[in-house]
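The structure appears right after this line, and notes come after that.
Hydrogens, waters and symmetry mates are skipped; everything else that's a heavy atom, side chains included, is used. Naming: A, B, ... by sequence-line order, numbering from 1 per chain.
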Amino acid sequence: MKSTAFLSRSEWIGVAIVAALILVVLPLSVDGFRLNLVGKYLTYAFVALGLVMCWGYGGILSLGQGIFFGLGGYCMAMFLKLEASSVENTKIQSTPGIPDFMDWNQITALPWFWEPFRSLPMTIILVIAVPVFFAFIIGFAMFTRRVGGTYFAIITQAIAAILTILIVGQQGYTGGINGITDLRTLNGWDIRTDDAKYILYFVNAGLLLGCVLIAYFVKHSKLGRILVAMREKEDRVRFSGYSVAGFKIFVFCLAAGFSAIGGAMFALQVGFMSPSFVGIVPSIEMVIYTAVGGRLSILGAIYGTLLVNWAKTSFSESFPELWLLGLGGLFIAVVLAFPNGLAGLYQSYVEPRLGKLTGKKSDETNGALPQGSPAE
Amino acid sequence: MFSDYSLAELGSIFVMQGFAGLILFSVFVLMALGLAIIFGQMGVINMAHGEFMILGAYVTYFTSQFFLNYLPSLFGGYFFVAMGLAFLASGALGMFIEWAMIRHLYKRPLDTLLATWGLSLILQQLYRSFFGPREVGVELPEWMMGSIALTDSVEVQINGLFVMGLTTVITIVVALLMYRSRWGKQVRAVVQNRIMAGAVGINTEKVDRYTFALGCGIAGVAGSAFTMIGSTGPTSGQLYIVDTFLVVVFGGAASLLGTIASAFTISQAQSTMEFFLSGSMAKVLTLLGVVGILMLRPQGLFTLKVRR
Amino acid sequence: MLNVSDLHVAYGQSEVLHGLSFDVKPNEIVAIMGRNGMGKTTLMKSLMGVVPTKSGAVKVGETNVTTMKSYERVASGIAYVPQGRMVFSTMTVKENVETGLTVTGDKEVPGDIYELFPVLLEMKSRRAGNLSGGQQQQLAIARALASKPKVLLLDEPTEGIQPSIIKEIGRTLKKIRDEKGLSIVVSEQVLSFALDIADRILVIENGSIVREDDRASVDEKKVASYLSV
Amino acid sequence: QAPATSAINTTGLAVTDTEVTVGILHSVTGTMAISETGSVQAEKLAIEQINAAGGVLGRKIKFIQEDGASDWPTFAEKAKKLLVQDKVAAIMGCWTSASRKAVLPVIEQYNGMLYYPTFYEGLEQSKNVIYTGQEATQQILAGLDWVNKTKGGKSFYLIGSDYIWPRTSMKIARKHIEAHLGGSVAGEEYFPLGHTQFNSVINKIKLKKPDVIYCAVVGGSNVAFYKQLKAAGIDLSKQTLLTISVTEDEIDGIGGENITGAYACMKYFQSLDNPNNKEFVTEFKKMWGEKTVIGDVTQAAYLGPWLWKMTVEKAGSFDVDKIAEASTDIEFTKAPEGYVKIHKNHHLWSKARVGQVQPDGQFKVVYETADLIEPNPFPAGYQ
Amino acid sequence: MNAAPVNGVISDQMAPDFLLAVEGLTVSFDGFKAVNDLSFYVDEHEIRVIVGPNGAGKTTVLDLICGKTKATSGSIKFRNQELTRMSESSIVKAGVGRKFQNPSIYDDLTVFENLEISYPKGRSVFGALTFRRDAAVKERVQEVAEMIFLENKLFERAEFLSHGQKQWLEIGMLLIQDPDLLMLDEPVAGMSVSERVKTAELLNKIIANRSIIVIEHDMKFVEDIAHKVTVLHQGKVLSEGTMDRVKNDPKVVEVYLGH
Ligand SMILES: Nc1ncnc2c1ncn2[C@@H]1O[C@H](COP(=O)(O)OP(=O)(O)OP(=O)(O)O)[C@@H](O)[C@H]1O
Ligand SMILES: Nc1ncnc2c1ncn2[C@@H]1O[C@H](COP(=O)(O)OP(=O)(O)OP(=O)(O)O)[C@@H](O)[C@H]1O
Ligand SMILES: NC(N)=O
Ligand SMILES: [Mg+2]
Ligand SMILES: [Mg+2]
């Protein structure tokens, strides 16, 4: 039986294992370069986590999560870029003190919307606020009009395309297709050093675990059950007196917020941001991380992201010309053979045995919910 | 923006842009028809649609090579052969994919998106491995490459006319198939309720397989036609996928007429705006317009209203 | 006409039908009675090939249909009116009926079908999903009849139908039985309707047939007691 | 008798007594694979030739190839991997400016050496990069002068893909046209990468009737652009078109018959008639097949390993600092393009040439500058 | 919950003691008038049964009242609140509950959770996040579960209930909201005889605090529960009154009951 307590015992164990993995095991067992890669992958896990909430639980498939990852990342990158573009660093430019790409594009003064990013506190607020606000606008417009299912998915895809074209097309203001590169310091602290990378890795992992806890909190609240209910029978929820649109907007914004944090951490750890995270391809890939992990499994999102990225990196290192075959095959295999992803595998193979061992039935099984198919 | 041009110029601008819009319209319809069947009718979100188109384009390329090398005298007509072969090749691949993959996913429509995304990666890589990473140049018969001058400043392009004609023919055939034939009825029944369709005597597996194959085959023909105006490379298919889905969705997924209306609206909007704005802005505004209208009419331009 | 022998059906691990055997002769209406969840729908679905048969055999006339797919069974002469109607909701009424023609190859729906259900003719170009519940039920029956079956399976056909039409359906079923020599299997919870139409009544309980009565000799009280516990 | 490893490798690069490892970092998947494949082929050829000739400081070159997958962040990740994990002595890689911009901070931070082969926009100079392609002025000015003088080009219609290189190039072109040629710009347009619908701009060109269409459309869009141009009845033997982005590689996809008559301003064409090139073309085809073509960037990529080898041998060390130092004035007399020399700003001195496309997809060279052009990535007056 | 018009200052002709007043209600689908200038009134504490031929417009009337379908013209006053202009969720909050023709419950949730979700607290996004399953909630769920004969199935997944139990669960989900007007569309369809009897008992029990509108074709069941019967035909009232009166109305026999 399930309680409304914040986390059940087995969930605590699960979170503890993940925490041990990313906070202890990985930092101890892989070298700095690989750890930095893991850190980068974990920033995608924020997006996957958001998708678990919004797609797995809420039944809202967004193919545009890159929008929010990107906006969060760009907000952070704008701050870092401004810091890197001090008058001193940019004295060879015709207008010193503005980012280099602006100078290349004959812009002679910092555009107004860059101004807030001179302040770190303001930037931290905007990293979350801008994407969430954007998600709110999209969500409000779509969900109150009852756009859902595949339609929503395709529309988010279109919005991702729009944003990409805008960023690429307005390169004087955004850095265009190159993105915002060569980020160096955060309030004077060099983020490119190996020490900084270690610290950022742990900050990132800590934030991710924080988001995991938030996700669990939401899942176990009544709101979590309403989400499941909504995915099943939207009309029934509506006729139980709930504003369905409101709940959808909330979970969409939540997912956007998570993604934005991921994006910001990405910019910090990798040292640049580019439109190639905003578009359709990365957005779909992130959905795939979620599917591989198990769309209903909060922790699965993390494992799925790590697995796919690990596969991608090692396939592409070993077979630079053929790795797409392996990756494509992996996606197909997951969808066809393990529709509930890693979490499904765990539930059908590992857990029963664990159950036998401990003689107790754990309650993570509600992750084994049959697929809601939220499409029309 | 208008002040740059004289009145006479504006006149020919509109004629020429209208014609350019019509070509774009045909292109959109051609791209979208296959998907209108696969996605609109069957509900399969086929992210590999572009790769099926490119298969058609490659087939066209190889046919042209074959004719150049072995039947140069018949080169002028090779394109028709190529289109037929493109249809068969993409259709056959579609049939195989339906059997291997899609049929297991009818109960999980959103999962088709993920699986076909994987498929598109695989196809791209296969094309790259077998046909090389570079784009191939498809040589066209000379008669297709010219244009007919109507007035001094207004010319119509023969391949544009050809695409328009082709689109018209294919659209009519598809419309007849879907709305006038017994087959179309069976397709729609199967899509609505696979189990019940079987229980009224429809061989659902066959219907599914051939419908999917038909959609893919049309994609192949579209790809074949696109060699006249676009590039043929392993990743060229990716360029079309968002536009194609938007056209189908904007039209109202289940409606063929909607697909056509939406292709018309989008193409005219885009080609007119492209003339006065930059290419990027025209695209952004068109997409924004589409998204905006979809908010107002969430089920697209043409919808079947059925009570829930 | 329909011959069922030792039919076992299971959903995954759990067996729901435990070896049913019965015959339905041409020109006969058999009512399957039983409370909720006793396996009536499961029986219908397995006869139709919608759920797989675990063991046992089903024959239509001389044809063994046990391993056939649904559509092949339709071709062998079974037609099915499911519980919950399952009309093709975005297709018009006319098109819905015409889907029944798949196996006969006819171009036109036999006129007598619309005679049986005049409301369908009236609404023939309306989307089936927009019909009222009862209208959809009539449509489902019409669709089944369009395939000119030898055996007609009806799963609780009176659910949601107005009393006068229930009576009408009863008359109709008897009429088509007589005119077309049909075998009809109808599942029911409502005794009065079953008594009205059936030549024979089978009572199913927990997946087994527990009682069989000819209409002439039916013990109403006994049957009723099975239906209300 | 190769020098001792400890003496020539003081910074822990992957150099052994018999081997030295370099990285090849290009896209072999994704949209850019079309263009970058040639570069990979050229680099592999150069490495093979160098090894056959005894290697570098007596060490055979071994390469590790990574796929940038047409994705800039992946380039950065792989560059870092090559430097940090594999400790490669140099990287031959990148094609688009975007990928270079992504890789540059990594190369500088970990003090690597990058040989970058593509004609690019300039505005950059790094101790850690050798630019073996042209910067903007080397490609643009000579071509414009030529078209102005021989074709009487006064009004220009500028078309490009929408990113930094075309925009910067067009900026320089416009300055040159307006300030030095006394000409005018009839229109300037940019299209998203991968754009395939050019009917509108073609209509505009027809109305404006410019003397010259000046083009910097990259990748697959070219195919659409030239086919549509031809279909619209614009005959390139009558309408002058000068491009800075179409090489033999792109023509492969466009089809020679669709672009016959167009002019391109490059530093290298496969058809260059000199002994170096004859040998290069023969060797290249021997290795990669009779049907392969060689474009400007492919040749520039071929220069990378050779220039590196000569620099290492001049410096007598694999250390990056020493190589960066020693690069200035390195000459390569066997370059297929003729002769090149590294400027102290790490770009190459090279000639500019104009070729006209023939129906078979090859260029006929119609003009070349008399002298090598000095590279100037920060051209005054063109900013 | 909401202010009933008790002060006697009634300006329109509607009598104040009606819980629900439907007047001149019309809805047309592409020209077809499914409900046509319909008027009827429901009292407090009344069980009203609506019968009528298939396609008479019964379900559509319920759709209109609960806001699922928007009226073309006419008014629906619930305690003097005009419902035609309110959103679905605010109609529910005003005290109107609706059960659908096919049981509409959350298969993936337990009976307890199904009822808890319908508990009328924590309906806003923030409220739902902070909602606690306290003693009052548990007590209320228990109470309702007993009413609907499911007290032993509280922790079973709803998917595994029998058809009749699902129907009851849905009724329970409405009851827990304590609505003033409960609307049930064919609640006993597919129920066994004994379940029908129990359902009738249930309805007669819960009527103390509310009014109920039931649509049903089972005359036996109608007889068991109806205070008053409205017969709809082609979107209009054909006949209205006690069961006895209606049953013997020749018009009703003609179009509905049959000979
Ligand atoms: N898809 C399924 N998976 C597992 N068990 C099922 C499934 N469908 C039905 N059952 C079980 O099989 C048994 C028989 O169900 P069935 O639907 O055949 O009953 P029925 O007699 O038709 O009842 P009703 O009168 O409610 O229609 C029930 O216990 C039911 O729970
Ligand atoms: N959206 C719609 N479009 C067109 N016609 C509709 C629509 N909704 C309902 N109708 C028609 O309105 C009429 C009334 O339908 P309704 O469902 O209200 O009937 P009902 O009285 O509930 O019948 P039943 O007892 O069979 O359930 C029917 O003729 C139906 O076809
Ligand atoms: N450097 C280029 N052409 O992107
Ligand atoms: Mg049943
Ligand atoms: Mg109804």
With chain B as the partner, which of D:Ala232, D:Ser35, D:Gly219 has the greatest number of non-hydrogen pairs under 4.5 Å?
D:Ala232

Please classify the contact between D:Asn258 and chain B as side chain, backbone, both or neither, with a heavy-atom cut-off of under 4.5 Å.
side chain

Given the options D:Ala231, D:Gly38, D:Ala33, which has more heavy-atom pairs under 4.5 Å with chain B than any of the others?
D:Ala231

What part of D:Asp162 gets within 4.5 angstrom of chain B, counting heavy atoms only: side chain, backbone, both, or neither?
side chain

May I ask you to decide if B:Val247's main-chain N or O and B:Ser262's side chain share a donor-acceptor pair within less than 3.5 Å?
yes

Checking B:Tyr240 against chain D: side chain, backbone, both or neither under 4.5 Å from a heavy atom?
side chain

Can you tell me which portion of B:Ser231 sits under 4.5 Å from chain D's heavy atoms? Options are side chain, backbone, both or neither.
both

Is a side-chain donor or acceptor of D:Ser155 paired with a backbone partner of D:Asp211 at a separation under 3.5 angstrom?
yes

Part of B:Val138 within contact of chain D (heavy atom distance under 4.5 Å):
both

In plain terms, say whether D:Lys204 and D:Glu189 are close enough for a salt bridge, that is, a side-chain N and a carboxylate O under 4.0 Å apart.
yes

Main chain of D:Pro359, side chain of D:Glu257: is a donor-acceptor contact present, judged purely on distance under 3.5 Å?
no

So, the part of D:Val28 with a heavy atom under 4.5 Å from chain B: the answer is backbone

Whatever's closer than 4.5 Å to a heavy atom in chain D on B:Ser271 counts as both

Between D:Lys291 and D:Glu248 (salt bridge meaning N to carboxylate O under 4.0 Å), is one present in this structure?
no

Is a salt bridge present between D:Glu250 and B:Arg134, judged by a nitrogen-to-oxygen distance below 4.0 Å?
no

Parallel, tilted or perpendicular: which one describes the rings of D:Phe363 and D:Phe269, with boundaries at 30° and 60°?
tilted

Return the option, out of D:Asn199, D:Asn203, D:Thr29, with the maximum number of heavy-atom pairs under 4.5 Å with chain B.
D:Asn203

With respect to chain B, which residue among D:Pro192, D:Gly255, D:Gly256 yields the maximal number of heavy-atom pairs within a distance under 4.5 Å?
D:Pro192

In terms of the angle between their ring planes, are D:Phe198 and D:Phe225 parallel, tilted or perpendicular, with boundaries placed at 30° and 60°?
perpendicular

Count the heavy-atom pairs under 4.5 Å between each of B:Ile158, B:Thr272, B:Thr227, B:Leu140 and chain D, then report the option with the highest count.
B:Thr227

Heavy-atom cut-off 4.5 Å, strictly under: side chain, backbone, both or neither for D:Gln197 against chain B?
both

